[in-house]
Every structure is written in C-alpha cells, then in structure tokens.
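Let me begin by presenting the structure, written as structure tokens, before commenting on it.
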Amino acid sequence: MKKEEFKPFIPAEKILPEITPVSIILGVLLAIVFGGANAYLGLRVGTTVSASIPAAVISMAIMRIVLKRDSILENNMVQTIGSAGESIAGGAIFTLPALFLWASEGTIESPSLITITIIALCGGFLGVIFMIPLRNSLIVQEHGTLPYPEGTACAEVLLAGEDDSSSSTSIFKGLGISALIKFVVDGLKITGSSITIPVKQLFTEFTVQVYPALIGVGYIIGPKIASYNFAGALIGWFVLIPAIVTFGGDTVLYPGTETIAKMYAEGGPSAIWSNYLRYIGAGAVTCGGIISLIKSLPTIISTFAESMKNLKNGSGEKIEANRTNQNLNGKFLIVLLIAIVLVLWLIPAVPVNLVGAILIVVFGFFFATVSARMVGLVGSTNNPISGMTIATLLFTTFLLKSIGITGAEGMVGAMCIASVTCIVSALAGDTSQDLKTGYLLGASPVKQQIGELIGTFASALTIGGVLVLLDKAWGYGGTEIPAPQAMLMKMITESVMSEKLPWALIFMGVCFSLVIHILGIPVLPVALGLYLPLELSATIMIGGILKGVIDRFSKAKDKDSEANTGILFCSGLIAGEGLIGILLAFFAVIGWDKKIDLSASFSSGIIGAIVVIAIIVAFIIKFGMEKSANEK
C-alpha cells in the first residue's frame, strides 16, 4: 500500500519570499548574538540552550511588527540562519579553550583568530555537507517515525505566529531585565554577586550566585535534571570536601604542593575543590560521557547502517523534482568537501596533517550521520555529542602517539581534530532540526541549506573573537569562566600523552559514575554537578524549583512546550546576560571595568544579592504563570 503523501503548510506550487536580504541580515545578527551568548553561557556552566525557538519568535516580532512583512518561510529562514550560531558555539567551547589553557602554561603559542575561524568554519560546513545527502531518508522517508522534537516545536511556534506574535515580548523583556542585572552586579558592582554561608563544622560552605542566566537554565531544564545536578554538587561539597579536610590533615597529596590543612586554612573549600574535587569530577564526567556513548551504540550502529542503506538506494522511491525537495548540487558539495580537506591539511595555521584531515572526514561523516538521526529520536538535548567527542579525542590521541606524534604537537593535533568533529556533530544535528521545520512548513531545502552555510560562515567569523576576548579578560579555568568541557578534554589528552595526572582521583570519579549508573540515575547531570562549583548548581536548582512550582499551580496548557512564555522569558535572561558578559569582557580588556566600578561606594553585600534574586524570581513567576500566545 502506497504511503499517503505529506502536505506541508505551504504547498510546493506556492512561492513565498524565503532567502531575502532582510532574512539574511536578521538571521546573521541573531546567529552572532545567540552564538556569543551561548559561548559565554557554556563556558560558565557547561551547557547551552537551543536558539531556534527564540530566533523564530524574535524574527516574527521584527518582521511583522517593525517591518510589516508577512512570510512564514522568510521567518523560517531567519531562524535557520540564526540557530547556526548556537551550534558553532556549542561545538567550539567543548574543545578550543584547551588551546588557550596550554598557551597560558607556556606549552604552545596562543591560538590565532585565523586558526579558530578555520576550525569552526570547516567543522560547520562539513556538518551541513554531510547532512544534505541524508535529508531524503531521515526527513522525508521517515516522516512520522522520527519526530525531531525541536524542529517540530519550532514549526508549531511559527504556525502559531501566523495568528499572534505577542509572545515575543517575553523574550525581549527577559533580555532587558537580565542585561540590566548583569551590568549592575558585575559592571557597576553595587551589589554582591553571591551569597555564601560558611558551614565550619563540615569544613565547607553553601554558596548561591545571583545571575539570571543560571536561574533561567534551571527553569528550562526543569526540576528533575536540576536536582540531579544539585545532588552531584552536594556530594562534592558536603561529603568529599569535608572528608578530604577531615582525614587529610598534615598530608601532602598530589597534585597539591602543601598540606591539606594549610591549603584549607589559606584558600578555604574552593582550594580543596580546585586541587582535588575537580579531578574526581573530571573522571565522573568522562565516564558519564563514555557510558552515554556505549548505551547509544546499538542505536548508533543501526542508525548508521539504515542511513547508509537509504542513502544508497534512495529508499526505493522516486521523488519528483519540485521546490520542496531540491537540495544543493552534489558536485558542488564534493568540490567543497575536497577544498575543506585541503584547507585543514595545507594551511599552516591549522595544526592538522593529512592523517588528521582524513580522520576528520571519517569521524565527521560517521558522527554527523549518528547525530542527525539521534536528534530525530531523542532531541538535541539528549544527543551524546560529549561522548562522541571524548571517543574521537581518545582514539586520535592514541593514534597520533602510536605513530610518534607526541608532546605539544600531538596534544594540539588531537584537540583540533576533536574540535572539528565536535562542531560537525553539532551542526549536523542543528541542520536536521531546521530541515524538519522547513519540511513541515513547505520551505525550499536548497535555500535552507544555503542559509545554514551563511549562518555557519557568520558565526565562525565571530566565535574566535569571543573566545579571544574572554581569554584576555579573565582566562579559562577560573571562577569567572570555568570552561568545564574544555578543561575535561585537556585533561583527557594530557592523560594519554603523559603520566602527570592524579589517576587515583580520576578513577574515584569513574567509580562514582558507575555507581550512579547502577542505581539507574542519569549519570551526566550528576557528574557535571560534582565537577562544577557548588554556586553554579545551587543557582540552577532555584530555577528548577521555580519550574516545578509554577507547573503545579499554572493553568497554562503548554507547560512543557518550548513556546511557553516562561521558557521564552528565561531564554531572554540567558541571551541578555551573555551579551553583557561579552561587553564587560571587552571593558576588562581595554581597562574600562575599573572606571565603572562603584563597589567602593556601596556595601550592600548579601542584602543586595538577596534582593536581586528576589527580583529575578518574581519576574519568572509572573511570566511562567502567563498563558502563551497560542492559548490566548
């Protein structure tokens, strides 16, 4: 029996504006904004948020209200271009800050803007290229089988916007409120940035930050995941740190260089965290990533085999050539692929040899195929990109070491290969979600694919500047920019190339994750909580609690929808803080940070911090209790 043909919202024979100067300009601006904001957020807390929904809502507001334009496909093009920025940022922050960390240690020279841009550009383009041949099998032939949650949700938001785009105001209000709070707290410094309660009996402390983005992240991920994250932090700060201080005493334990008692007396619990707990957490996160990858292996293998089978025989169905199923020319894609390999191999700014370039293509195509299908099944949030990156890094580092490429050259080469592969996986997942949205709406695939390349190009040109700026302002691995994933990738690479790591602490973390897995609890959220400072996880937990309470008492029907006004408002909180964070980094580099610092004139401390948290909570409750546009 012949499968019933799917009818998109805009039929193939109807032509509407899609890739226009307005959609390109607006999409590129959103790609830069959300790319920078997500880079800042990911480097602070180790997670990013989807940009598709916020980009779509902002696009509708500007297109309809300001520019008086009315094309759902043009709005779709804006979010297609804009969402590429978040994926480039998500892939880059996993790995590239490790190069800056090695530079700060004197191991290598600091990476240049050209190096970062080429890595981001090649990874992004490869992610788009590898996804295009899979569109027919994954998006068209398996429509109804692969739901693509974010892509479907974005289509629903754009369709709802045909009637009402008022929900966009919640994003802009969140952005403005968050920007103001971030500037007051970290720019003017007229109030404390955290609340710290010493717990001397346990040799530790309880700390909460006041930043709106962290509370927004907690609200978006919900109470369950936030609680897992917080549980890991409690184990670290209220079990492991007290145990280390209690039993350590006058012991000098590597990698520390002085007694634990002296270390605690001079630096407090944070010194114990930086010298010991973060290595335990690194082992836990590494094990969690590998567990995630192993659990996904059956799906990965079957996914790849099925995709290759469909790619080979076209699923046995002939598809008519019309506007809604035309892809970029295959010959153009092959030429672009060859050009990327040559760029990675021959340009001196990228420390990748021919073997590395070949590995990038092999790993990239495999993980792009896996990523594109898995986000269709479980969504981008549950896509094990970290596990894929760790697997690539381990294999590549061992391979390079086995052929005699060791030391700084081997570590940098392995990290660059893993970085490109990570960006490939992220972009393939993003492209597949965007193509699903376009398929439901009736967009032209070839134009969306061009839009993905435009968004990738714009984001790749700017992500290097963001990374260099943040490094010059604060440096990676510290309190302001912990860069958790990059620290982890650096540690993994060094562990293979040398024997200078505290293996006992790392294997303690591995065993911790194994126990969590045996208990049937998701490993990565708990492991990340163990790895990150308590003040981050505690603040995220506030947002998770708010989401749980609001869901219980709210009358809104779409509590879990990404178009919920509370979630859109929190997306604005994240974007606003990220943008001001980048602005303040620029001020720090040029010396303006001291000129606007008013901390000497104010001493609000904890009281001011409590007031700021109360203001954020009140606004989230207000917007979280509201009905979204498509319910009004």
Side-chain angles (χ1 to χ4, degrees), residues 91-92 94-103 105-112 114-116 118-123 125-127 130 282-283 286-287 289-290 293-294 297 300-301 304 337-370 385-425 485-501 503 506 510:
F94 263 52
T95 49
L96 290 176
L99 302 180
F100 290 95
L101 288 162
W102 280 323
E105 296 169 358
T107 305
I108 62 172
E109 292 185 5
S110 186
S112 66
I114 295 176
T115 300
I116 299 172
I118 292 176
I119 289 173
L121 195 61
C122 290
F125 277 5
L126 286 175
F130 290 150
T286 302
C287 183
I290 293 173
L293 187 63
I294 291 173
L297 273 180
I300 287 173
I301 294 170
F304 189 79
L337 175 61
I338 294 172
I340 290 171
V341 171
L342 292 175
V343 166
L344 290 170
W345 174 28
L346 298 176
I347 291 186
V350 183
V352 174
N353 56 23
L354 180 59
V355 174
I358 294 172
L359 285 175
I360 285 172
V361 173
V362 173
F363 276 113
F365 181 66
F366 178 75
F367 285 134
T369 305
V370 170
I385 288 179
S386 61
M388 298 178 197
T389 307
I390 290 171
T392 302
L393 190 59
L394 284 171
F395 180 85
T396 304
T397 308
F398 275 117
L399 179 62
L400 294 179
K401 187 177 182 181
S402 68
I403 62 177
I405 303 176
T406 58
E409 181 186 0
M411 292 192 299
V412 172
M415 191 62 66
C416 289
I417 293 168
S419 181
V420 176
T421 305
C422 184
I423 295 171
V424 169
S425 301
Q485 284 102 339
M487 291 287 289
L488 174 63
M489 301 301 171
K490 173 178 177 287
M491 205 174 297
I492 290 172
T493 307
E494 292 173 345
S495 70
V496 177
M497 288 291 181
S498 70
E499 300 296 331
K500 296 181 179 179
L501 284 176
W503 287 102
I506 291 173
V510 170

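All residue numbers refer to positions in the sequence shown, counting from 1. Because the structure is a prediction, the values reported are computed rather than measured.
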When rounded to the nearest 0.5 Å, the distance separating CG of Leu394 from CG of Leu399 is 12.5 Å
Heavy-atom nearest pair, Ile423 first then Ala120, reads CD1-CA, 3.7 Å
The single option from Val361, Ile360, Val362, Val355 that satisfies side chain to side chain contact (heavy atoms under 4.5 Å, CB included) with Ile358 is Val362
Separation between CG (Leu344) and CG (Leu126), nearest 0.5 Å, reads 7.0 Å
In this structure, CD1 of Ile340 is separated from CH2 of Trp345 (nearest 0.5 Å) by 16.0 Å
ask   = Any side-chain donor paired with an acceptor under 3.5 Å for Trp102 and Glu109?
value = no
Q: Examine distances only and state if a side-chain atom of Thr107 and a backbone atom of Ala103 form a donor-acceptor pair shorter than 3.5 Å.
A: no
Tell me, with the steps shown, if Asn353 and Ile405 meet side-chain contact (heavy atoms from CB on, under 4.5 Å).
CA-CA 11 Å; Asn353 56 23; Ile405 303 176; 3.4 Å; yes
One should read off an interatomic distance between Cys287 SG and Ile506 CD1, to the nearest 0.5 angstrom, of 12.5 Å
Checking the side chain of Thr115 only, and the main-chain atoms of Pro111 only, is there a donor and an acceptor separated by less than 3.5 Å? no
(request) Determine whether Ile118 and Ile347 make a side-chain contact, defined as any pair of heavy atoms from C-beta on separated by less than 4.5 Å. (result) yes
Margin query: Tell me whether the count of non-hydrogen atoms from other residues, nucleotides or ligands lying under 6.0 Å of CD1 in Ile114 goes above 12.
Written below: no
- Item | Any donor-acceptor N/O pair, Thr397 side chain to Leu393 backbone, under 3.5 Å | yes
Nearest heavy-atom contact between Val424 and Gly364 is CG1-O, 3.4 Å
Note to self: Is it true that Thr389 and Thr392 share a donor-acceptor pair across their side chains at a distance under 3.5 Å?
What the structure shows: no
Nearest heavy-atom contact between Cys416 and Ile119 is SG-CD1, 3.8 Å
Between Ser495 and Ile492, is there a donor-acceptor pair closer than 3.5 Å when you use the side chain of the first and the backbone of the second? yes
Does any part of the side chain of Phe130, heavy atoms only, come nearer than 4.5 Å to the side chain of Thr369, both counted from C-beta? no
Smallest heavy-atom separation, Ile116 atom then Phe100 atom, equals CD1-CZ, 3.5 Å
Rounded to the nearest 0.5 Å, the CD1 atom of Ile417 sits from the CG atom of Leu359 at a distance of 5.5 Å
Residues Thr406 and Lys401: closest non-hydrogen pair is CG2-CG, 3.8 Å
Closest non-hydrogen contact found for Met489 with Met415 is O-CE, 3.5 Å
Applied to residues 391-420, the ring-ring contact (aromatic ring centres under 6.0 Å, His included) test, sequence neighbours excluded, yields Phe363-Phe395
Notebook entry, point to check: Hey, does the side chain of Lys490 reach the backbone of Leu101 with a donor-acceptor pair shorter than 3.5 angstrom?
Noted result: no
